[in-house]
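The structure appears right after this line, and notes come after that.
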Amino acid sequence: MGDRWSLIIIRDVMFGNRRHFRELLVASEERIASNILADRLKKLVAAGFLAITDDPSHKQKHIYSLTEPAIQLVPLIVQLGSWGRRHLPVTPDLAIRAQLLEEGGPEMWADFMDELRAAHLGTPSIGRPSVAVRLQTAYEAMVAQLDRDSASRTN
């Protein structure tokens, strides 16, 4: 967990639902090299943070899933995001999820971890409004507002 990429990969699986190698490679803002991604995925699987299964839709694809130890990192990742919002230069569109999770507190984190367990471990769904959907909706609203603000400044 101490290297440059492992938490970023877990973050992308956790918050971006990126479950395939290609998604992790192309959709990450940090632009991880393919050889480093392959190495970190192997290490995360070996350490028990990710599980790997064959993708039934394609013989050469694999699906990466969070394990319980990785899911239990949610409070830590929320705290890191909160710290980053306070001490590092961040854009509103990238900070909105961290802000909502910070404001939602431990109850929201527990709901999110339950959602992750349902999606990655196959446990029964909690039946409450989806935290992932709320985070994505807030992100999309923030991006739309930034686009409107930008358009009004150019007019």
Side-chain angles (χ1 to χ4, degrees), residues 1-86 90 92-144:
M1 297 302 296
D3 65 71
R4 178 177 176 184
W5 296 104
S6 292
L7 276 176
I8 291 171
I9 293 167
I10 289 175
R11 176 206 66 192
D12 287 352
V13 174
M14 187 177 284
F15 293 99
N17 198 32
R18 299 176 189 149
R19 311 260 320 253
H20 294 91
F21 183 89
R22 173 69 63 204
E23 293 170 327
L24 289 162
L25 183 66
V26 238
S28 181
E29 293 83 13
E30 290 81 11
R31 300 182 186 247
I32 187 171
S34 62
N35 62 323
I36 298 202
L37 176 59
D39 177 68
R40 293 316 185 278
L41 287 169
K42 285 178 191 172
K43 287 180 178 177
L44 288 167
V45 168
F49 289 102
L50 293 177
I52 184 172
T53 56
D54 291 333
D55 187 334
S57 70
H58 193 284
K59 290 181 181 180
Q60 294 179 333
K61 279 181 141 181
H62 302 290
I63 300 171
Y64 292 94
S65 298
L66 298 169
T67 61
E68 183 61 29
I71 291 169
Q72 289 183 18
L73 289 171
V74 165
L76 173 69
I77 292 174
V78 169
Q79 292 299 320
L80 286 170
S82 298
W83 179 89
R85 278 184 349 98
R86 287 190 303 274
V90 295
D93 57 322
L94 294 179
I96 189 65
R97 290 181 182 118
Q99 178 182 341
L100 289 174
L101 283 164
E102 180 180 5
E103 291 169 356
E107 184 177 328
M108 180 183 261
W109 309 343
D111 286 350
F112 186 54
M113 289 189 300
D114 286 342
E115 284 178 38
L116 291 171
R117 287 182 187 103
H120 292 263
L121 305 177
T123 62
S125 177
I126 56 172
R128 290 193 286 273
S130 171
V131 174
V133 169
R134 288 187 277 169
L135 296 175
Q136 186 62 26
T137 301
Y139 169 77
E140 290 168 1
M142 179 62 69
V143 169

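Since the model is a prediction, treat every value here as computed from it, not as a measurement.
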(request) May I ask you to check whether over 12 heavy atoms, not counting those of Glu29, lie within 6.0 Å of atom CD? (result) yes

(message) Please check if the number of heavy atoms outside Gln60 that lie under 6.0 Å from its CD is greater than 12.
(response) no

So how far is it from [X] [atom1] to [Y] [atom2], rounded to the nearest 0.5 Å?
X      : Y     : atom1 : atom2 : value
Gln136 : Ile96 : CD    : CD1   : 12.0 Å
Trp109 : Ile77 : CH2   : CD1   : 12.0 Å
Leu80  : Leu7  : CG    : CG    : 7.0 Å
Ile9   : Leu25 : CD1   : CG    : 10.0 Å

Kindly indicate whether the side chain of [X], heavy atoms from C-beta on, has any atom under 4.5 Å from the side chain of [Y].
X      : Y      : result
Trp5   : Leu37  : no
Leu100 : Arg134 : no
Met108 : Asp111 : no
Leu50  : Leu66  : yes
Ile63  : Pro56  : yes
Glu30  : Arg11  : yes

Nearest non-hydrogen partners of [X] and [Y], listed with the distance:
X     : Y     : result
Phe21 : Ser34 : CZ-O, 3.6 Å
Ala70 : Met14 : O-CE, 3.3 Å
Ala95 : Val90 : CB-CG2, 3.8 Å

(request) Keeping to residues at least two apart or across chains, list the salt bridge (Lys or Arg N to Asp or Glu O under 4.0 Å) pairs with something in residues 57-73. (result) Glu68-Arg117

(message) Can you pull out every salt bridge (Lys or Arg N to Asp or Glu O under 4.0 Å) where at least one residue sits in residues 94-106? Sequence neighbours excluded, please.
(response) Arg85-Glu102, Arg86-Glu102

(request) For the pair Glu23 (side chain) and Arg19 (backbone), establish whether a donor and an acceptor sit closer than 3.5 Å, ignoring hydrogens and angles. (result) yes

Run the side-chain contact (heavy atoms from CB on, under 4.5 Å) test against [X] and tell me which residues pass, sequence neighbours left out.
X      : result
Ser130 : Glu115, Ala132, Val133
Ala144 : Arg148
Asp12  : Ile8, Arg18, Leu24, Ser28

What donor-acceptor contacts under 3.5 angstrom involve side-chain atoms of residues 38-47, with partners at least two apart or in another chain?
from, atom 1, to, atom 2, distance (Å)
Asp39, OD2, Lys43, NZ, 3.4
Arg40, NE, Asp3, OD1, 3.1
Arg40, NE, Asp3, OD2, 3.4

(message) Using the ring-ring contact (aromatic ring centres under 6.0 Å, His included) criterion, which residues pair with Phe15? Sequence neighbours excluded.
(response) Phe112

(message) Show every ring-ring contact (aromatic ring centres under 6.0 Å, His included) that has at least one partner inside residues 117-136, sequence neighbours left out.
(response) none

(message) With ring-ring contact (aromatic ring centres under 6.0 Å, His included) as the rule and sequence neighbours excluded, what pairs involving residues 28-73 come up?
(response) none

(request) Apply side chain to side chain donor-acceptor pair (under 3.5 Å) to Thr53 and list each qualifying residue two or more places apart in sequence or on a separate chain. (result) none

